[in-house]
Amino acid sequence: MEKNFDFARAEAEINKKWLESDMFNVKIDKSKKPFTIIMPPPNITSRLHIGHAFDLTIQDAIIRFKRMQGFNALLLPGADHAAIATEVKVVEELRRQGIEKSSLTKAEFMKHIHKWYEIYTAEIRGQMEKLGLSCDWSRFSFTMDTGTTKAVNTVFHSLYNKGLIYQGERMINYCTTCQTALSDAEVEHSTRGQQLYNIMFPFVRDEQNGVTIATVRPEVIFGDAAIAVHPGDKRYKNLIGKMVYIPLTDIKIPIIADEIVDKKFGTGILQITPAHSHADFDVAKKHGLDYYKIFDAKGTLIGDRVGEFGGMTIPNAREAVITKLKVQGLLKGQKNRQSNIGECYRCKNIVEPALSNQWFMAMSDLAKPAIAALKSGELKLVPKKFEKVYLHWLNNIKDWCISRQLTSGHKIPIDGVEDVLDTWFSSALWPFSTLGWPNDSADYKYFYPTDVLVTAYDIIFFWVIRMVFSGIEHTGKLPFNTVLLHGLVRDKDGKKMSKSLGNGIDPLDVINEFGTDALRFSLIVGTKLERDPRYSLDKAVLARNFINKIWNAVKFYLAFGQDKETNEIDWCEFGIADKWIMTKFNNVVKSVIKKYEKYDFGVAANELQSFFWNDFCDWYLECVKVSENKQTSLAVFRYVLFAFMKLVHPIMPFVTEEIFCNLNKVTTISFEKFPEFSKSSTYPKEKRKFDDVVEVIQLLRAQKGVQSAILDGDLVREKAIIEKLGAIKIEFGMVDDPDFVTKIAKIRINIDEAEKQKQISKLKSEIERGERMLGNVNFVAKAPSEVVAEEQEKLASNRKLLAQLQGGAK
RNA sequence: GGGAACAUAGCUCAGUUGGGAGAGCUCUCGCCUUACAAGCGAGCGGUCACAGGUUCGAGCCCUGUUGUUCCCACCA
């Protein structure tokens with residue numbers, strides 16, 4: 001056997017076996033219950049990052065666990081065309097080759113897009129394979145394949161015919177860099193420092209008498225339809241109804257009163273720019289004001305109102321307007337201010353609110369059943385804390401702007417319409433479009449609705465909610481019954497991993513250096529779903545060390561026990577250590593199953609590691625070496641070792657497959673029955689006694705330089721274990737003058753008096769504590785009787801031990 | 001402005017319905033003990049953020065305070 005686990009060799013061999021045998025491709029079998037996870041399709045715009053690795057590991061762990069529990073488990077893989085993001089990438093790539101998108105026809109550009117699809121879909125798939133995912137590759141789906149297109153068109157027409165998709169001129173968010181409309185969910189908010197300008201709107205053209213407004217966007221004054229003050233603002237009461245000039249123009253606009261104005265902000269006077277502000281749009285509607293669009297899709301100023309500034313970009317126009325206002329004396333001040341800005345989630349540039357003709361999905365009717373599904377408990381979010389987020393968003397939902405002015409993506413299926421659909425439109429159908437819907441396919445009938453959706457919490461709005469209402473609307477069923485929302489992987493300091501910060505860790509680098517199992521285990525161990533996990537290479541090192549520990553335990557078995565192979569374990573032959581490890585192991589099985597069922601893999605991984613390292617290797621393996629009945633102990637060792645392989649297999653598929661298959665001469669561990677708790681294999685009495693033996697050994701080990709001891713206690717059968725693990729010679733005999741006392745032995749080892757006094761004072765304080773508690777009448781009267789009884793026992797036991805120690809010290 | 005989460009050892013985190021504060025890493029000391037130095041053994045280390053309350057009993061439940069993080073929102 002190799003000195004260490006050669007993960008590179010083993011992973012390559014095992015992956016080849018898995019892929020060639022198609023063993024994870026699922027056959028529809030009505031006698032078996034399906035368990036289905038549809039994988040969130042990664043965007044084909046980049047390599048898989050650490051967040052994908054985390055997300056995919058969780059999914060695969062669930063699927064492997066369920067498969068071993070006997071479910072017909074399907075993990076359906078896929079990739080997303082990510083229209084807007086991919087298009088940016090392709091344009092960049094073409095530019096590197098010296099080609100401008102504008103020089104290409106639409107068809108030519110689409111050729112490049114399709115080539116990208118092809119190359120990067122394969123690339124993503126290769127990376128997924130490296131992660132050891134037990135996917136059904138025969139069902140691999142892409143969001144631009146014909147099945148998805150059919151689903152998209154069907155859904156579009158269905159909603160259109162019901163009047164739930166409509167076209168109209170509305171205020172939307174427009175990214176002038178990506179040159180497309182965005183949905184509300186695609187706008188992020190951040191705080192930026194901006195200049196706040198005070199600008200005077202004069203009563204008489206070019207004169208220094210007027211009203212002064214405050215704005216961070218001086219260039220939009222040309223789009224103003226009115227000036228507004230608060231109706232209750234005494235300072236400006238007499239202004240209402242008067243007319244002012246827009247500075248630098250001949251345009252006159254009225255002063256109106258509206259409660260939207262914050263009296264305390266700036267000068268307390270607000271410009272109303274209906275075509276370029278969400279809030280102002282509503283005000284204009286209310287007051288019957290006109291809309292004036294003053295810049296186009298590229299962010300260039302246009303129209304009669306902008307005068308000499310026509311043709312300028314927004315930033316240029318801003319500068320020019322300010323310069324001119326200064327000359328005219330209409331700039332009445334400026335200061336720096338932190339304000340909240342909408343940004344495009346893709347390119348991070350400032351989003352312009354704009355009046356635009358777009359396609360929308362009417363949301364209020366679709367939202368209602370999605371709200372009801374959560375409230376009724378039919379849909380479960382794990383962890384629960386996201387339920388409020390989900391409900392708040394749906395309760396305040398606005399119509400969804402679904403049209404995009406991009407070249408690639410799903411076309412809006414209406415003749416003559418050039419726009420494409422939001423990439424999330426097709427994503428919303430993913431749980432059923434991947435299974436053949438709208439066809440009445442066998443897959444759809446067997447696997448739908450799916451079981452659990454696993455994804456990070458940051459796409460609840462983009463994706464999760466939209467799948468929920470789409471599933472209900474189009475299939476009449478929830479697309480999944482549980483949504484598992486995990487955190488975002490951060491660096492060791494809790495910061496978001498990003499290219500610009502340079503703190504990112506490439507999962508493929510970790511795989512190359514430490515192996516896939518180490519990556520998977522290190523991503524999962526010690527994490528809780530509620531929190532964002534922190535990741536650093538230290539964790540991969542620790543995981544690698546754990547794998548090495550497992551490997552070496554197997555080497556031990558092969559060196560000492562291979563020839564003594566037996567499948568039948570005779571429990572009558574069990575020694576105390578055998579019974580101890582069987583008990584401990586069964587408790588771990590029980591606990592791990594419970595945690596896996598709750599998808600709490602992080603704590604389960606911790607438990608598995610600590611059991612294997614501390615209990616199985618540190619204690620049991622050493623006991624096997626000196627076992628009275630070596631054959632039985634080796635059989636127990638083998639049993640626990642292999643059952644343990646099954647327990648960790650969902651998290652670390654490769655090393656467990658390698659060990660299990662090689663030693664058992666079987667093809668795979670993947671379809672082995674998952675271990676179950678067996679009460680008849682637990683021995684509480686022997687476990688307690690061995691725990692006491694452990695205490696004696698630890699006590700002896702702590703005595704530096706002591707080579708022998710006299711024990712007074714019923715420990716004859718444990719002599720070999722105590723001598724071996726305690727590295728000490730022991731004799732049995734009466735000990736009237738012990739140096740140490742434990743529940744099962746009085747110990748004499750010639751130590752100095754100070755050590756003994758330490759133990760005495762410790763016991764005394766324990767006794768004091770017990771006396772204090774039991775002396776409290778309220779405690780005795782109100783605490784549960786078993787708690788009181790426990791304290792009484794402890795007190796009696798401690799008194800006895802103290803008497804033994806002091807009895808000898810006289 | 002509205003909402004959510006978090007605060008436990010130097011670091012990363014556990015702590016199940018309230019019943020004597022735990023693990024791993026780090027650090028110190030001793031070990032190449034025949035599976036493993038990617039290892040073994042023994043230690044050091046905590047006012048469970050702060051202040052109240054409920055309770056016989058609070059890391060856990062309630063209220064407030066402080067700090068950190070995140071989400072939502074049309075403050076120009």
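When reading the values below, keep in mind they use all heavy atoms of this one structure, side chains included, and skip hydrogens, waters and symmetry mates. First the proteins, then the strands, lettered A, B, ... as listed; each starts at 1.
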Assess whether a salt bridge exists between [X] and [Y], defined as any Lys/Arg side-chain N lying under 4.0 Å from an Asp/Glu carboxylate O.
X       : Y       : answer
E771(A) : R799(A) : yes
K263(A) : D233(A) : no
E352(A) : R217(A) : yes
R769(A) : E766(A) : no
K555(A) : E2(A)   : no

Do [X] and [Y] come within less than 4.5 Å of each other through their side chains, counting heavy atoms only?
X       : Y       : value
Y535(A) : V510(A) : yes
D739(A) : I747(A) : no
F386(A) : L374(A) : no

Side chain of [X] (C-beta onward), nearest among [options]:
X       : options                : result
N552(A) : G19(B), A76(B), C36(B) : C36(B)
I260(A) : C75(B), C74(B), A7(B)  : C74(B)
H278(A) : G19(B), A35(B), C74(B) : C74(B)
L542(A) : G24(B), A76(B), G19(B) : G24(B)
A783(A) : G19(B), G20(B), C74(B) : G19(B)
H392(A) : C72(B), A35(B), G43(B) : C72(B)
T215(A) : A35(B), G19(B), A76(B) : A76(B)
F779(A) : A35(B), A42(B), G19(B) : G19(B)
F556(A) : A35(B), A76(B), C74(B) : A35(B)
A279(A) : C74(B), A76(B), A42(B) : C74(B)

Distance, [atom1] atom - from [M] to [N], rounded to whole angstrom:
N      : M      : atom1 : result
G20(B) : G46(B) : C1'   : 15 Å
G18(B) : C27(B) : P     : 39 Å
A21(B) : C36(B) : P     : 40 Å
A42(B) : C25(B) : P     : 13 Å
U68(B) : C74(B) : P     : 26 Å
C44(B) : U54(B) : P     : 38 Å
U65(B) : C71(B) : C1'   : 24 Å
C56(B) : C11(B) : P     : 37 Å

Quick one: is [N] close enough that its OP1 or OP2 comes under 4.0 Å of any side-chain N or O from [X]?
X       : N      : value
W613(A) : C40(B) : yes
N340(A) : A73(B) : no
K555(A) : A35(B) : no
K528(A) : G15(B) : yes
K549(A) : C40(B) : yes
K388(A) : G3(B)  : no
R534(A) : U12(B) : yes
R337(A) : A76(B) : yes
K385(A) : G3(B)  : no

Could you tell me whether [X] contacts a base, only the sugar-phosphate backbone, or nothing, with contacts defined as non-hydrogen atoms closer than 4.0 Å?
X       : value
K539(A) : sugar-phosphate
E387(A) : nothing
K398(A) : sugar-phosphate
F386(A) : nothing
A702(A) : sugar-phosphate
G526(A) : sugar-phosphate
D280(A) : nothing
N606(A) : nothing
T527(A) : nothing

Calculate the interatomic distance between [X] atom [atom1] and [N] atom [atom2]; express it in whole Å.
X       : N      : atom1 : atom2 : result
I524(A) : U12(B) : CD1   : P     : 21 Å
E607(A) : A14(B) : CD    : C1'   : 10 Å
F461(A) : A73(B) : CZ    : C1'   : 12 Å
D233(A) : C75(B) : CG    : P     : 20 Å
W551(A) : G39(B) : CH2   : P     : 17 Å
F560(A) : A35(B) : CZ    : C1'   : 8 Å

For the side chain of [X] and the base of [N], is some donor closer than 3.5 Å to an acceptor across the two?
X       : N      : answer
R769(A) : G20(B) : yes
E766(A) : G20(B) : yes
R544(A) : A38(B) : yes

Secondary-structure string, 5' to 3', Watson-Crick or G-U under 3.5 Å, | for another-strand partners, for RNA chain B: (((((((..((((.....[..)))).(((((.......))))).....(((((..]....))))))))))))....

Counting neighbours of NZ on K625(A) that are heavy atoms of other residues, nucleotides or ligands and sit closer than 6.0 Å, is the number greater than 12?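 More than 12 within 6.0 Å, yes.
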
Residue whose nearest RNA chain B nucleotide is more 5′ - P533(A) or V554(A):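 This one resolves to P533(A).
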
With RNA chain B as reference, determine whether V603(A) or P784(A) sits nearer its 5' end, using the nearest nucleotide of each.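 Its nucleotide being nearer the 5' end, the pick is V603(A).
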
Specify whether F611(A) and F616(A) have parallel, tilted or perpendicular ring planes, treating 30° as the upper limit for parallel and 60° as the lower limit for perpendicular.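 Ring orientation, 0 to 90° scale: parallel.
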
Using the salt bridge (Lys or Arg N to Asp or Glu O under 4.0 Å) rule, take K594(A) and E597(A) through it: C-alpha gap first, then chi angles, then the decisive distance, then the call. CA-CA 5 Å; K594(A) 198 171 149 194; E597(A) 296 280 9; over 6 Å; no

Please say which of T267(A), L330(A), T215(A) ends up in a side-chain contact (heavy atoms from CB on, under 4.5 Å) with N198(A).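 Among T267(A), L330(A), T215(A), the one that satisfies the side-chain contact (heavy atoms from CB on, under 4.5 Å) with N198(A) is T267(A).
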
